[in-house]
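Only one structure is covered here, and it is reproduced in the block below.
Worth saying up front: this structure is predicted, and the values here are computed from it rather than measured.
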Protein chains: 2
Amino acid sequence: MNYKTPKCSCEQCQLKNLFFSHVSEDELFDICDIKEERTYTKGQRILNEGDPIDDFLYMKEGLVKLSKSSGEQKDQIISFSKPFDFVSLLSVFSSKVHMYSVTALEDSTVCVLDLNVVKNKAQENAMFTMDMMVRISEATDKIIIENLIIRRKQLKGRVAHVLLYFANYIYERDEFELPISRREIAEYIGMTTENVIRTLSEFRKDNIIKIFGKDILIVDKSRLESISEFG
Amino acid sequence: MNYKTPKCSCEQCQLKNLFFSHVSEDELFDICDIKEERTYTKGQRILNEGDPIDDFLYMKEGLVKLSKSSGEQKDQIISFSKPFDFVSLLSVFSSKVHMYSVTALEDSTVCVLDLNVVKNKAQENAMFTMDMMVRISEATDKIIIENLIIRRKQLKGRVAHVLLYFANYIYERDEFELPISRREIAEYIGMTTENVIRTLSEFRKDNIIKIFGKDILIVDKSRLESISEFG
DNA sequence: AGAGCCTTATGATAATTATCACTATCTAAT
DNA sequence: ATTAGATAGTGATAATTATCATAAGGCTCT
């Protein structure tokens with residue numbers, strides 16, 4: 001067993017406002033009564049592509065990647081989820097099995113609801129379902145648009161984009177520890193590991209970033225933005 | 001005015017079963033009472049990126065493309081919608097404006113519901129909302145996965161994939177008229193027009209397909225499938 | 001019919017990216 | 001500590017794709 005199961009009291013849980021604004025106190029109790037939290041350490045697999053979907057998961061703490069393996073051992077990273085994102089988001093209402101694998105990139109805590117309870121609630125409370133639908137379509141829209149953005153850049157622009165993505169969107173700081181390997185960057189932007197490494201080295205030589213292993217410091221952000229936009 | 005507005009009787013409309021299986025006859029009447037159909041000729045723009053979202057649209061007849069223009073004049077095609085697909089699908093519940101443009105590739109008929117009526121219905125009928133959510137997440141999943149598939153192929157594989165996509169998924173025949181130009185194929189698969197043309201010529205020279213302008217005949221389908229899969 | 005514009009087409013060349021080969025560094029496990 | 005295996009890093013070369021140039025064919029508009 002690789003997770004702990006402390007019950008948390010939803011009355012004081014900030015997640016309540018984010019997810020269940022149209023759920024009454026009574027309903028909330030039903031939902032939270034069956035809620036558990038699971039914590040995963042960096043690198044642990046949370047869900048496997050193809051696993052049956054039994055739970056409804058959302059991020060409480062940490063960072064995870066959603067990925068899909070294509071044939072042999074080539075993985076593609078689809079997106080990253082941070083606190084308050086749904087994890088089993090994409091297929092949870094339209095598929096019997098998970099379409100993606102989910103892996104912890106940092107020590108992460110996931111809140112787990114029984115999917116059937118959520119589904120039942122969704123069938124009787126339309127406002128709840130509406131909220132859910134809005135959040136799902138926002139999240140999938142973001143994935144689709146992020147993909148479009150990456151695809152129209154070339155190597156340097158893509159690498160620059162990823163650095164800015166972590167700096168601006170995930171960490172909100174210009175100095176951070178990369179939560180993923182060079183290979184995973186490559187899997188996210190659709191380039192080879194070698195070229196990702198080469199590009200990072202080039203940014204370093206051009207004094208755009210400083211690199212200490214996985215620690216990145218963005219020195220010249222406007223330059224990086226310009227590369228991201230124009231190549 | 002570039003559309004006709006014949007009311008149609010929903011009692012006998014096959015769309016009823018597809019979209020509104022959890023809506024009562026009375027509710028159906030409310031919805032259909034405000035329904036109109038719009039027809040567009042090949043090439044006509046149905047929606048513009050950035051337009052405010054007032055309607056809820058779905059395909060009754062024809063074929064459309066969803067696209068996004070990135071800066072200058074470079075377009076990216078996101079997906080194609082055929083009958084019974086939602087058109088204003090992606091952003092309709094999560095954005096005030098359309099995130100994509102929609103253009104008719106063939107003469108097309110679109111059913112138009114007032115978005116507020118649909119939203120009101122969604123807020124009071126949870127089963128209806130559930131149905132909608134399932135359909136939305138199915139459709140967006142399909143877009144995301146199709147993108148992943150395309151991105152891991154190279155030029156020849158991508159072109160082969162597109163041909164098979166139209167043959168298998170859109171027309172269900174091995175002989176069909178391409179609904180899009182070579183340039184649009186390029187915008188869909190993220191390659192240049194010249195290389196798309198070159199690749200098609202190469203397939204023709206290798207007796208994999210026959211080309212008469214926009215008319216395509218797939219001669220050696222297993223070969224095309226092999227190229228799509230392995231390059 | 002002819003002018004202008006877009007699409008299709010093909011070739012030559014340049015740019016970009018992948019592959020292969022080899023080291024170095026780091027991490028986990030004994 | 002020491003080895004094994006993954007990750008990071010660099011260079012040379014090959015493969016892939018883009019760019020530029022140029023031309024033929026279609027289409028629309030007058």
Side-chain angles (χ1 to χ4, degrees), chain A residues 41-44 65 70 72-77 103 105 150-163 177-206 209-216 227-228 230-231, chain B residues 41-44 65 70 72-77 103 105 150-163 177-206 209-216 227-228 230-231:
Chain A
T41 58
K42 186 174 173 144
Q44 265 193 306
K65 68 170 177 180
S70 57
E72 310 79 77
Q73 53 256 44
K74 288 213 168 183
D75 278 13
Q76 292 177 288
I77 293 179
T103 311
L105 298 175
I150 288 176
R151 299 317 165 197
R152 67 172 170 251
K153 300 178 193 299
Q154 47 194 45
L155 177 59
K156 283 171 203 173
R158 291 184 189 185
V159 175
H161 176 86
V162 170
L163 294 177
E177 185 186 337
L178 264 180
I180 55 176
S181 67
R182 314 301 198 245
R183 181 171 53 72
E184 286 172 310
I185 295 177
E187 287 169 357
Y188 184 53
I189 66 174
M191 297 279 158
T192 57
T193 307
E194 294 96 319
N195 277 331
V196 168
I197 292 170
R198 246 187 282 273
T199 305
L200 287 172
S201 298
E202 201 180 317
F203 288 169
R204 177 178 44 71
K205 283 173 196 152
D206 293 343
I209 60 172
K210 287 207 164 84
I211 305 177
F212 322 90
K214 286 222 190 298
D215 291 319
I216 300 285
I227 291 171
S228 170
F230 307 108
Chain B
T41 57
K42 186 175 174 145
Q44 266 193 306
K65 69 170 176 181
S70 58
E72 310 79 77
Q73 54 258 43
K74 288 214 167 183
D75 278 13
Q76 291 177 289
I77 293 179
T103 311
L105 298 174
I150 288 176
R151 299 317 166 197
R152 68 172 169 252
K153 300 177 192 300
Q154 47 194 45
L155 178 58
K156 283 170 203 172
R158 291 182 190 186
V159 174
H161 177 85
V162 170
L163 294 176
E177 185 186 336
L178 264 180
I180 55 177
S181 67
R182 315 300 199 248
R183 181 171 53 72
E184 286 172 310
I185 295 177
E187 287 169 358
Y188 183 53
I189 65 174
M191 297 278 159
T192 58
T193 307
E194 293 95 319
N195 278 331
V196 168
I197 292 171
R198 245 187 284 272
T199 305
L200 287 172
S201 297
E202 200 180 318
F203 288 170
R204 178 177 41 75
K205 282 172 197 154
D206 293 344
I209 59 172
K210 287 209 164 85
I211 305 177
F212 323 89
K214 287 223 190 298
D215 291 319
I216 300 286
I227 292 171
S228 169
F230 306 109

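The nearest whole Å value for the distance from the CD atom in Glu202(B) to the P atom in dT17(D) is 11 Å. Atom CD of Glu184(A) is separated from atom C1' of dA8(D) by 14 Å (rounded to the nearest Å). Straight-line distance from the CD atom of Glu177(B) to the C1' atom of dT8(C): 15 Å, rounded to whole Å. Rounded to whole Å, atom C1' of dT10(C) lies 17 Å from atom CZ of Phe203(B). We find that CZ of Arg152(A) is positioned 20 Å from C1' of dT17(D), with the value rounded to whole Å. Look at NZ on Lys156(A): it is 8 Å from P on dT17(C), rounded to the nearest Å. Atom C1' of nucleotide dT17(C) and atom CZ of Arg158(A) are separated by 10 Å, given to the nearest angstrom. Here dA18(C) presents its P atom at 13 Å from CD of Glu187(A), a figure rounded to the nearest Å.
The two residues Tyr188(A) and Val162(A) come nearest to each other via the heavy atoms CD2-CG2, 3.9 Å. The nearest pair of heavy atoms linking Ile216(B) to Ile211(B) is CD1-CG1, 4.2 Å.
Atoms CG and CD1, from Leu105(A) and Ile180(A) in turn, are 7.0 Å apart once rounded to the nearest 0.5 Å. Atoms CG and CD, from Asp75(A) and Glu184(A) in turn, are 9.0 Å apart once rounded to the nearest 0.5 Å. Between the OG1 atom of Thr193(B) and the CD atom of Glu187(B) there is a distance of 7.0 Å, given to the nearest 0.5 Å. Atom CZ of residue Arg183(A) and atom CD1 of residue Ile197(A) lie 10.5 Å apart, to the nearest 0.5 angstrom. To the nearest 0.5 Å, atom CD1 of residue Ile150(B) and atom CE of residue Met191(B) are 10.0 Å apart. Taken from CG in Leu155(A) to CD1 in Ile227(A), the straight-line distance is 11.0 Å, to the nearest 0.5 Å.
Contact annotation for Ile197(A): base contact, defined as any heavy-atom pair under 4.0 Å involving a base atom.
For Lys42(A), the NZ atom sits in a packed shell: over 12 heavy atoms of surrounding residues, nucleotides or ligands are nearer than 6.0 Å.
Across dT10(D), dA18(C), dT17(D), the shortest atom-to-atom separation from the side chain of Thr192(A) is found for dA18(C). Among the nucleotides dT10(D), dT17(C), dT17(D), the one closest to any side-chain atom of Gln154(A) is dT17(C).
Ile189(B) places none of its side-chain heavy atoms less than 4.5 Å from the side chain of His161(B). Inter-residue side-chain proximity for Ile185(B) and Leu178(B) is flagged as met; some heavy-atom pair is nearer than 4.5 Å.
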- Step-by-step side-chain contact (heavy atoms from CB on, under 4.5 Å) determination, Lys156(B) to Val159(B): CA-CA 5 Å; Lys156(B) 283 170 203 172; Val159(B) 174; 6.0 Å; no

Report, one pair per line, the protein and nucleotides 11-14 of chain C atoms (nitrogen or oxygen only) whose separation is under 3.5 Å.
unit_1	atom_1	unit_2	atom_2	d
dG11(C)	N7	Arg198(B)	NH1	2.8
dG11(C)	O6	Arg198(B)	NH2	3.4

Filtered N/O pairs between nucleotides 5-7 of chain C and protein, under 3.5 Å:
unit_1	atom_1	unit_2	atom_2	d
dT7(C)	OP1	Arg183(B)	NH2	3.1

- Note on the structure: 5' to 3', nucleotides 24-30 of chain C under a 4.0 Å protein heavy-atom cut-off (B base, S sugar-phosphate only, - none) gives -------

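Here Arg151(A) pairs with Asn147(A), Arg158(A), Gln76(B), Arg151(B) under the side chain to side chain contact (heavy atoms under 4.5 Å, CB included) rule; sequence neighbours left out. Legend: residues meeting salt bridge (Lys or Arg N to Asp or Glu O under 4.0 Å) with Lys153(B), ordered by chain and number and at least two apart, are absent.
Close to dA18(D), at under 4.0 Å from its OP1 or OP2, lies a side-chain N or O of Asn195(B).
In the helix from dA1(C)-dT30(D) to dT30(C)-dA1(D), the terminal helix axes, each the rotation mapping four pairs' C1' atoms onto the next four within five end pairs, subtend 50°, rounded to 10°.
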